[in-house]
Amino acid sequence: MTFQRCSVLRIVVKALSLFVALNITFALVNVPANSGVAALGRISLYNVLWPGRARLPYGDDPARAYNLSLFDLNAMFASHELAGVPKRADEFRVLLIGDSATWGWLLHNEDTLAGQLNAMRLKTADGRIVRAYNLGYPIMSLTKDLLVLSRAVAYQPDLVVWLVTLESFPADKQLVHPIVQHNAEAVRALIAEHHLRSRPDDPALLAPTFLQRTLVGQRRALADWLRLQTYGALWAATRIDQHIPETYEPAQRDLDADRSFKGLLPPTLPKDALAFDVLDAGIRMAADAGAPMLIVNEPILISRGKNSDVRYNFFYPRWAYNRYRELMGKHLHPATVLGDVYYFDAWNLVPQEEFTNSAVHLTPKGSRILADELATCIRLIGR
């Protein structure tokens, strides 16, 4: 009996020692610049066993959406159809980046902007087939968009369409997006390369401790990667990647009389309060990849309800949004040399009836209205 207890004890001690050694080894190699979890993210069943997703994975209801949110950009891109589609010689590749409106909140994939553009079967003047890829991702932040674009330019774009709105611009909220915070090293590299005004030592950018870099510390990221692969089977079977409820709270039409915007009062909205430096970095990034940039000031809900003389919608008092459009127009004026860049101000393109639960989320009909106008822009740029 004593001999058996000693054997069991030795096995337990050896197992614990191996577990500790694995965790220490993983933590040592799982430094931000050489992340073991990030390397694992490049391994994907999508575009191999399962079809690639039509948009980047995002969702908080995996049981019904067959989708989830994670912070691993490698895993996110590896699951996207863009990673599994070699560019054809006759393809005019259009990459769409932006917020949840571009991603397509409350829209099926075929009703998103990318889906609508692809359904048109557009061709450029030289006969190339326009193929749009949805790289929008929820939450408004230009730096989040720049982070996505920094990965996307590797996929040979012929045109980058960047849909923006004032809510993405405030300089002091550029680092609040969780995916920005959890990809701190990549964001610091962007700050350094493009001389962005955000501070590389901003505490919002997460710096994992040694324990957080161990296998135990990374268990959530590892589990998310595994769950994303698992949900691929359900995505393949149903093509569902978002739970769209039958009813939802419609976007606010009757508004408060509050004239402030992010703590600012009329008429002051200084240009340096907005992250035009990030916008310029994105333009340069696309130019370096040999692609022109089409910047679209995306449609917003223009309310006709209570206090609509003060505010356009929940997000924007009229004075602030008008000042933003003035600044955008001057910044992107043709005389401003920023590269091969085009600007389409679509702010009032869509009637208020064609918005769903937010002042930027469109119905399928609203999405089609925007897609029709962008199709004209794409044809002109693709001549």
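All values below come from the heavy atoms of this structure, side chains included, with hydrogens, waters and symmetry mates left out.
- Glu373 is linked by a side-chain hydrogen bond (donor to acceptor under 3.5 Å, both in side chains) to nothing, counting only residues two or more places apart in sequence or in another chain.
- For residues 154-166, the salt bridge (charged side-chain N to carboxylate O under 4.0 Å, His left out) pairs, not counting sequence neighbours, are Lys87-Asp158, Arg128-Asp158.
- A donor-acceptor pair shorter than 3.5 Å cannot be found between the side chains of Asn118 and Tyr133.
- When the salt bridge (charged side-chain N to carboxylate O under 4.0 Å, His left out) test is applied to Arg311, no partner is found at least two apart in sequence or on another chain.
- For Asp224, the salt bridge (charged side-chain N to carboxylate O under 4.0 Å, His left out) test picks out Arg220, Arg227, with sequence neighbours left out.
- Here Tyr155 pairs with nothing under the side-chain hydrogen bond (donor to acceptor under 3.5 Å, both in side chains) rule; sequence neighbours left out.
- More than 12 heavy atoms of other residues, nucleotides or ligands sit less than 6.0 Å from atom CG of Asp201.
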Side chains of residues 291-298: which donor-acceptor partners sit under 3.5 Å, not counting sequence neighbours?
unit_1 : atom_1 : unit_2 : atom_2 : d
Asn297 : OD1    : Tyr324 : OH     : 2.7
Asn297 : ND2    : Tyr321 : OH     : 3.0
Asn297 : ND2    : Asp345 : OD1    : 2.9

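- Scored by the side-chain hydrogen bond (donor to acceptor under 3.5 Å, both in side chains) test, Trp162 finds Asp145 as partners (sequence neighbours excluded).
- The closest side-chain donor-acceptor pair between Arg239 and Asn109, if any, does not fall under 3.5 angstrom.
- Using a 4.5 Å cut-off on side-chain heavy atoms (C-beta onward), Asp288 and Val153 make no contact.
- Donor-acceptor pairing under 3.5 Å is lacking for the side chains of Asn67 and His243.
- A distance of 11.0 Å separates CG in Leu279 from OG1 in Thr143, rounded to the nearest 0.5 Å.
- At least one donor-acceptor pair closer than 3.5 Å links the side chain of Gln181 to the backbone N or O of Leu175.
- By the side-chain hydrogen bond (donor to acceptor under 3.5 Å, both in side chains) test, Arg197 is found to be paired with no residue, residues two or more places apart in sequence or in another chain being considered.
- Side-chain N/O atoms of Tyr342 and Asp340 include a donor and acceptor closer than 3.5 Å.
- You'll find the side chain of Leu159 stays beyond 4.5 Å of the side chain of Arg93, heavy atoms only.
- A donor atom on one side chain and an acceptor atom on the other are found under 3.5 Å apart for Ser100 and His361.
- Taking the six-membered ring for Trp and the full ring otherwise, Trp347 and Tyr312 have centroids separated by under 6.0 Å.
- Salt-bridge formation is not detected for the pair Lys365/Glu353: no Lys NZ or Arg NE/NH1/NH2 atom is positioned less than 4.0 Å from an Asp or Glu carboxylate oxygen.
- Residues Trp235 and Pro57 form no side-chain contact, since every pair of their non-hydrogen atoms from C-beta on lies 4.5 Å or further apart.
- Under the salt bridge (charged side-chain N to carboxylate O under 4.0 Å, His left out) criterion, Asp90 pairs with Arg88, sequence neighbours left out.
- Residue pairs meeting the salt bridge (charged side-chain N to carboxylate O under 4.0 Å, His left out) criterion with at least one member in residues 96-125: none, sequence neighbours excluded.
- Looking at residues two or more places apart in sequence or on another chain, you find a salt bridge (charged side-chain N to carboxylate O under 4.0 Å, His left out) between Asp61 and Arg64.
- Between the side chain of Ser168 and the main chain of Val164, no donor-acceptor pair closer than 3.5 Å is present.
- For residues 65-93, the pairs satisfying ring pair (Phe, Tyr, Trp, His ring centres under 6.0 Å) are Phe71-His182, with sequence neighbours left out.
- A donor-acceptor contact closer than 3.5 angstrom links the side chains of Arg151 and Asn74.
- Ring pair Tyr137/His177 is tilted by interplanar angle, where 30° to 60° counts as tilted.
- No side-chain donor-acceptor contact under 3.5 Å links Glu167 to the backbone of Met140.
- Inspection of the Asp254 and Asn307 side chains reveals no N or O donor paired with an N or O acceptor under 3.5 Å.
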